[in-house]
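So the structure is just underneath, and the comments pick up after that.
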Amino acid sequence: MSKNAKIAAGAAVVGLVLWLGLGLPFWAALLIVVGVPAVAYLALDPSQRRRLRRVARKELGR
């Protein structure tokens, strides 16, 4: 199982727990699953974002 597949599976599990386990509406669970990583990325400095993109490209073999 690739790293991206593990991340996607984890996000799906978290979404299901938020949706079914806590009784949140589907849109709220989706907003949390997508929004938290987006806000975390935007909170990085520009130099940290560049470094993160560079590391991600190296993992892809570019």
Side-chain angles (χ1 to χ4, degrees):
M1 190 177 234
S2 71
K3 184 176 181 180
N4 286 338
K6 290 177 187 176
I7 292 170
V13 169
V14 169
L16 284 174
V17 168
L18 289 172
W19 185 33
L20 298 174
L22 298 178
L24 288 177
F26 177 76
W27 62 268
L30 184 65
L31 184 66
I32 291 170
V33 169
V34 173
V36 169
V39 168
Y41 178 77
L42 293 173
L44 295 173
D45 292 334
S47 63
Q48 292 171 322
R49 290 182 198 167
R50 280 192 301 272
R51 183 176 179 189
L52 185 62
R53 283 193 303 265
R54 186 173 63 239
V55 168
R57 279 191 214 111
K58 284 183 181 179
E59 289 181 357
L60 291 173
R62 292 184 186 176

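Values reported hereafter were calculated over all heavy atoms of this structure, with side chains retained and with hydrogens, waters and symmetry mates removed. Source: prediction; values computed, not measured. Start at 1 with the first residue, then count along the sequence.
Screening residues 6-18 for side-chain hydrogen bond (donor to acceptor under 3.5 Å, both in side chains) gives no qualifying pairs among residues at least two apart or on separate chains.
Note: Gln48 CD to Tyr41 OH = 11.0 Å, rounded to the nearest 0.5 Å. With rounding to the nearest 0.5 angstrom, the CG atom of Leu52 is 11.0 Å from the OG atom of Ser47. Note that CZ of Phe26 is 10.5 Å distant from CG of Leu20, once rounded to the nearest 0.5 Å.
Note: the hydrophobic cluster containing Leu24 also contains Val36 (ILVMFWY, side chain heavy atoms under 4.5 Å, direct or indirect links). Residues Leu16 and Val34 share a single hydrophobic cluster, defined by chaining ILVMFWY side chains whose heavy atoms lie under 4.5 Å apart. Note: the hydrophobic cluster containing Leu22 does not contain Trp27 (ILVMFWY, side chain heavy atoms under 4.5 Å, direct or indirect links).
At a threshold of 4.5 Å between non-hydrogen side-chain atoms, the residues Trp19 and Leu30 do not count as touching. Residues Leu44 and Arg51 form no side-chain contact, since every pair of their non-hydrogen atoms from C-beta on lies 4.5 Å or further apart. Under the 4.5 Å side-chain criterion, counting only non-hydrogen atoms from C-beta, Val14 is not in contact with Ile32.
Of all non-hydrogen atoms in Ala29 and Gly15, the two that sit nearest each other are CB-O, 3.9 Å.
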